[in-house]
Amino acid sequence: VEDVANDERISFYIISPFSSNQEIDEYENCASYLSPVGKALLLKEPGDQVIVETPSMIQEYRIKSFRFP
């Protein structure tokens, strides 16, 4: 994704909330599909813009691409 505010690119790994700690440690920037980031990205397509609301911030991202492991 690309942060709309500052054009920074960020990669997220969408994981199951039931993933083991070993699986979580394998990836950087993990987000459960039940988290605010995961929910915002779910069923979206490249080019879509999403707003992620968390208790500490509101962030807007533009989806650049998806990759599947």
Side-chain angles (χ1 to χ4, degrees):
V1 298
E2 181 179 72
D3 185 329
V4 172
N6 62 17
D7 295 328
E8 179 184 1
R9 288 194 176 199
I10 305 165
S11 294
F12 290 106
Y13 291 93
I14 307 300
I15 61 171
S16 166
F18 307 107
S19 296
S20 69
N21 286 340
Q22 182 180 0
E23 290 173 305
I24 293 169
D25 291 342
E26 187 176 328
Y27 301 109
E28 194 173 315
N29 292 334
C30 292
S32 159
Y33 56 78
L34 296 178
S35 71
V37 172
K39 286 179 182 180
L41 296 175
L42 200 61
L43 302 175
K44 299 298 190 271
E45 297 181 8
D48 288 350
Q49 285 191 207
V50 298
I51 296 175
V52 178
E53 295 185 44
T54 67
S56 62
M57 67 176 190
I58 296 176
Q59 197 73 37
E60 187 172 1
Y61 296 118
R62 179 178 299 112
I63 299 173
K64 301 304 279 182
S65 65
F66 284 103
R67 285 185 302 172
F68 297 96

Check [X] against [Y] and note the closest heavy-atom contact, atom names and distance.
X	Y	answer
P17	L34	CG-CD1, 3.5 Å
S32	S35	O-OG, 2.7 Å
S11	N29	O-CB, 3.1 Å

All pairs passing ring-ring contact (aromatic ring centres under 6.0 Å, His included) where [range] contributes a residue, at least two apart:
range	value
residues 36-56	none
residues 47-67	F12-Y61
residues 39-60	none
residues 38-58	none

Original post:
Mind checking what makes ring-ring contact (aromatic ring centres under 6.0 Å, His included) contact with Y33, not counting sequence neighbours?
Top reply: none

What side-chain donor-acceptor pairs closer than 3.5 Å can you find for residues 39-55, not counting sequence neighbours?
from: D48; atom 1: OD2; to: E45; atom 2: N; distance (Å): 2.9
from: Q49; atom 1: OE1; to: R62; atom 2: NE; distance (Å): 3.4
from: Q49; atom 1: OE1; to: R62; atom 2: NH2; distance (Å): 3.0
from: Q49; atom 1: NE2; to: E60; atom 2: OE2; distance (Å): 2.5
from: T54; atom 1: OG1; to: S56; atom 2: N; distance (Å): 3.4
from: T54; atom 1: OG1; to: M57; atom 2: N; distance (Å): 3.2
from: T54; atom 1: OG1; to: M57; atom 2: O; distance (Å): 3.3

Original post:
In chain order, what residues pass the side-chain contact (heavy atoms from CB on, under 4.5 Å) check against D7, with sequence neighbours excluded?
Top reply: E2

Original post:
Does one hydrophobic cluster hold both I14 and F18, with members joined at side-chain heavy-atom distances below 4.5 Å?
Top reply: yes

